[in-house]
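Comments concern the structure below.
Throughout, residue positions are numbered sequentially from 1 according to the sequence presented.
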Amino acid sequence: MANYVAPLKDMTFLLNHVADSRGFHQIEHFADFDPALVSAVFDEAAKFAGQVLSPLNQPGDIEGCHFNEGKVKTPAGWNDAYRQFCDNGWLGLALPEAYGGQSLPRFIAAAVHEMWLSANLSFVMFQALTQGAAEILLAAEDDRLKQRYLEKLVTGEWATCMSLTEPSAGSDLGNTRTRAVRQDDGTYLITGQKIYITYGEHDLTENIVHLVLAKTPDSPPGGKGVSLFIVPKYKVDESGQCGELNDVRCVSIEHKTGLHGSPTCSISYGDEGGAIGELVGEENRGLEYMFILMNEARLSTGQQGVAIGEMGYQRALEYSLERTQGRDALTGDTDVQIVRHPDVKRMLMGLRAQVTALRALSYQIASRLDLAEVESEDRAAHLRFVALMTPIFKAFSTESGNLMAGTTIQIFGGMGFVEETGVAQLMRDIRVTTIYEGTTGIQANDLVFRKVQGDQGEALNELIADIESDFASYTALEIAGSETEMLLQLIAVLKESTQFILQQGKEGRETQLCGAVNFLELMGIACCSWMMMRTAVAAYEQKQQSTDTIYLNNLIALSRFYFAHFTPKVLALHQTVISAATGIQDYQIEQ
C-alpha cells in the first residue's frame with residue numbers, strides 16, 4: 001500500500017487562484033507570505049505527512065490503543081511522531097508567536113492540516129482541539145490562565161481534550177449534569193462523567209488539560225446555565241508547574257468501528273471528592289466559549305471529508321492503473337487497465353471533482369477568517385460568511401467523505417472489501433465524522449433556523465450575489481457550453497429555496513425540520529458548483545500564460561463534469577425541501 005503523497009500542485013493552484021483571485025501576497029497584510037514561502041512550508045509538511053505520519057496509519061489502525069488500569073498507551077511510533085510534530089512547530093502553525101506558535105495565516109494552515117488528516121487521521125485529531133482551546137483562552141482574556149496554560153498547549157508540551165458529552169445528555173449540552181461547586185479559594189470541585197472524549201487520556205504528554213462543561217448549583221436551567229472549566233489531569237501551581245494527580249480518571253476506552261489509533265475515553269471526575277477546576281471566563285457562558293472550539297473542530301471535521309476523499313482517490317487511481325480486466329468497450333482491446341472502462345473513469349473523476357470542490361471551499365472559508373482580521377470594513381461580512389458555511393461544510397463534506405470512501409471500495413471491487421488493501425480503513429475511519437461535533441441533522445437545523453432565519457437571509461443572499469458574479473465570469477468564457485443553463489437553474493433554485501425558508505412560520509416548522517438536511521445538501525452542492533466555476537475560470541486564465549495545458553484543461557473538464565453529474569441534484573433537493581413533511585406527518589410509528 002503506497003503512502004500518502006500531498007497533492008501540492010492542486011493545493012497551490014486553489015490557494016493562489018481560487019480561494020482569493022487577487023493572490024494573498026498582493027494583500028498588504030499577507031505580503032510576507034509570498035508563493036515561495038508557502039511552497040517551502042508545503043514541501044516540508046508534505047515530507048512529514050508522507051514519510052512520518054502515513055507509514056504509521058495502517059499499523060496504528062491494526063494495533064490500536066491499549067488500556068490498563070486507567071492508563072492509555074498509544075500505538076507504536078505515536079510518541080516519536082508526536083515529539084517530531086511539536087518540535088517542528090506544526091502544532092502551533094496558526095497560533096500566536098508570543099505563545100510559541102508560528103502565526104501563519106489560516107489559508108496556509110488549512111492546507112497543511114489537510115495533509116495531516118489524509119496521512120493519518122487518527123494521529124492528528126488532537127490538533128484542532130489545541131487550536132480551539134488556545135482560541136478560547138485568548139478570547140476569555142484571563143491573564144492568569146493564559147500565563148499558566150497557553151504556551152504549554154501551543155507548543156504541545158501539554159495536550160488538551162474537549163469534555164462535553166455525557167451518557168444521559170448526548171448532543172443536548174443544556175442537559176449537562178456534571179456539577180461544579182465553588183470553593184473559598186476561587187477554584188471549583190468538579191464531579192460527573194463524560195464519554196466519547198477524544199485523546200482524553202494518553203501517553204503523549206506530561207499533562208492533559210480537560211475543558212469541561214458543568215453547571216454550578218444555582219445556575220439557570222438549560223444551556224444558559226452551563227459554565228466552562230479547565231480541569232488538568234495533574235494540578236497546576238501558580239508557576240505553571242505540574243503538581244499532584246487531580247481527581248480525574250479514565251475508566252475505559254471505546255472499541256470503535258474506526259480511528260483505532262485515536263483513544264476515545266470515558267472520563268470520571270471527582271470519584272474521590274471532586275476534581276479541582278478553574279473557571280474559564282464567566283459563569284453561565286460556557287457554551288459561548290466552548291463553541292469557539294466547537295466551530296474550529298467543525299471546520300476541521302469538514303476537512304476530514306476532503307482528506308479521506310483525497311486518500312481514496314490516490315489509492316483508487318493507483319489501483320485502476322495497475323489492475324487489468326475486461327474488454328475496452330470502444331477499441332475492443334482485451335485485458336485492459338480498468339481505468340479505461342468508462343464507469344471506472346467516471347468514479348475516479350467523481351472523486352477528484354468532489355475533492356477539488358470541497359478543498360477549494362475549505363480554503364475559501366480559511367481565507368475569509370484571515371481577511372476578517374485585516375479588513376475591518378468587511379469584517380462583519382466575512383464573519384457572516386464563515387458562520388453560514390460552518391454547518392454546511394462540516395456536514396456536507398463529511399457526508400461526501402462517506403460516499404467517496406464507498407466509491408473507492410467500489411473501484412477496488414472485491415479487493416476493497418478486505419483489510420489488506422487499506423481502503424476499508426477509509427470507510428471505517430470516516431463513518432463517525434457525520435456524527436461527532438454535531439450530527440448532520442444538528443448542522444442542518446443550525447443552518448435553517450440560526451443561520452438563514454437568524455439574519456433573515458442576509459449572509460445567504462450575499463453568498464448568492466457572489467455566485468452570480470462568478471457565474472457571469474464563467475459564462476463569458478468560450479469554454480462555457482450547455483451547462484450554463486443548469487447553472488442558471490441552480491441560482492434560481494437557491495433563491496427560491498431561500499425565500500421558502502424565510503417565509504415559513506410556526507405552521508411550516510415541521511416541513512423545515514423534515515427538510516433541513518435536504519436544504520443543507522442543496523447548499524453543499526451549490527457551494528461546490530460555485531467553487532468549480534471559480535476553478536474553471538482560474539484555469540482558463542492561467543492557460544494564457546502557462547505551458548501546463550494538460551493540467552489546466554483537466555481542471556476545466558473536471559468542472560464541467562461536476563456541473564453535469566452533481567449540480568443537477570439541486571433541482572430534486574429543492575422539491576424535497578418544499579414537500580419534506582409529506583408522508584412523515586401521517587406515518588405512525590408502530591410499537
Side-chain angles (χ1 to χ4, degrees), residues 132-133 135-137 139-142 145 161-197 200 210-231 247-248 266-271 273-298 387 390-391 394 435-455 504-510 512-514 516:
E135 291 180 2
I136 287 175
L137 290 174
E141 296 182 345
D142 186 324
L145 290 179
C161 65
M162 178 171 61
S163 294
L164 282 71
T165 308
E166 298 181 2
S168 59
S171 298
D172 184 6
L173 300 179
N175 198 30
T176 294
R177 295 183 180 180
T178 299
R179 288 293 175 261
V181 179
R182 184 179 175 88
Q183 305 300 293
D184 292 340
D185 62 358
T187 63
Y188 291 73
L189 286 182
I190 311 294
T191 55
Q193 288 79 41
K194 300 286 185 177
I195 59 173
Y196 305 145
I197 311 305
H210 297 237
L211 291 171
V212 181
L213 290 182
K215 289 188 174 182
T216 56
D218 56 351
S219 64
K224 294 181 179 180
V226 176
S227 300
L228 179 62
F229 301 89
I230 279 183
V231 184
D247 193 1
V248 177
S266 297
I267 304 290
S268 182
Y269 301 95
D271 288 349
I276 301 299
E278 299 176 81
L279 180 67
V280 177
E282 302 173 15
E283 285 190 9
N284 305 322
R285 294 181 63 188
L287 291 186
E288 174 188 340
Y289 296 127
M290 185 59 88
F291 267 96
I292 297 173
L293 191 157
M294 283 285 287
N295 286 329
E296 181 69 37
R298 285 173 174 175
T390 297
K394 188 278 175 185
I435 299 171
Y436 59 39
E437 314 307 345
T439 64
T440 300
I442 288 173
Q443 304 302 323
N445 289 344
D446 177 58
L447 172 64
V448 168
F449 296 107
R450 289 196 179 95
K451 303 301 167 58
V452 177
Q453 292 184 354
D455 70 357
Q504 298 304 297
K506 291 183 179 179
E507 296 79 10
R509 185 170 177 82
E510 184 177 13
Q512 292 176 82
L513 288 168
C514 294

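Of the inter-residue distances, the one linking Met290 atom CE with Leu228 atom CG reads 4.5 Å to the nearest 0.5 angstrom. Rounded to the nearest 0.5 Å, atoms CD (Glu278) and CG (Leu145) are 5.5 Å apart. Annotation: the span from Ile197 atom CD1 to Ser163 atom OG amounts to 4.0 Å, rounded to 0.5 Å. Taking NZ of Lys224 as the start and CD of Glu288 as the end, the distance is 13.0 Å to the nearest 0.5 Å. To the nearest 0.5 Å, atoms CG (Asp218) and CG (Asn284) are separated by 7.5 Å. Atoms CD and CG, from Gln453 and Leu447 in turn, are 10.0 Å apart once rounded to the nearest 0.5 Å.
With a 4.5 Å cut-off on side-chain heavy atoms, Val181 and Pro217 count as touching. Two residues are said to be in side-chain contact when any heavy atoms from C-beta on lie closer than 4.5 Å; Arg298 and Phe291 meet this criterion. Contact of the Phe449 side chain with the Leu513 side chain is registered, since non-hydrogen atoms from C-beta on lie closer than 4.5 Å. Counting heavy atoms from C-beta on, the side chains of Lys194 and Leu213 come closer than 4.5 Å. The side-chain heavy atoms of Met294 and Lys394, taken from C-beta on, include no pair separated by under 4.5 Å. Inter-residue side-chain proximity for Phe229 and Leu279 is flagged as met; some heavy-atom pair is nearer than 4.5 Å. At least one side-chain heavy atom of Thr216 sits less than 4.5 Å from a side-chain heavy atom of Tyr188. Considering only heavy atoms from C-beta on, Leu189 comes within 4.5 Å of Ile276 through its side chain.
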So His210 and Ile230, side-chain contact (heavy atoms from CB on, under 4.5 Å) or not? Walk me through it.
-> CA-CA 6 Å; His210 297 237; Ile230 279 183; over 6 Å; no

Passes side-chain contact (heavy atoms from CB on, under 4.5 Å), Asp271 versus Asp247? Steps please.
-> CA-CA 7 Å; Asp271 288 349; Asp247 193 1; 4.2 Å; yes

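Of all the heavy atoms in Lys451 and Pro391, the pair that sits closest is NZ-CD, 3.8 Å. The minimum heavy-atom distance linking Ala180 with Ile190 is given by the pair CB-CD1, 3.5 Å. The shortest non-hydrogen separation linking Asn445 to Ala516 is OD1-CB, 3.6 Å. Nearest heavy atoms, Ile195 versus Ser266: CG2-OG, 3.9 Å. Minimum heavy-atom separation, Gly200 to Ile267: O-CD1, 4.0 Å. Across Val280 and Ala140, no two heavy atoms sit closer than the pair CG1-CB, 3.9 Å.
Residue Tyr436 qualifies as enclosed at atom OH: its count of foreign heavy atoms under 6.0 Å is above 12.
A side-chain donor-acceptor contact under 3.5 Å links Gln443 to the backbone of Glu437.
Side chains of Glu166 and Thr178: a donor-acceptor N/O pair is present below 3.5 angstrom, by distance only.
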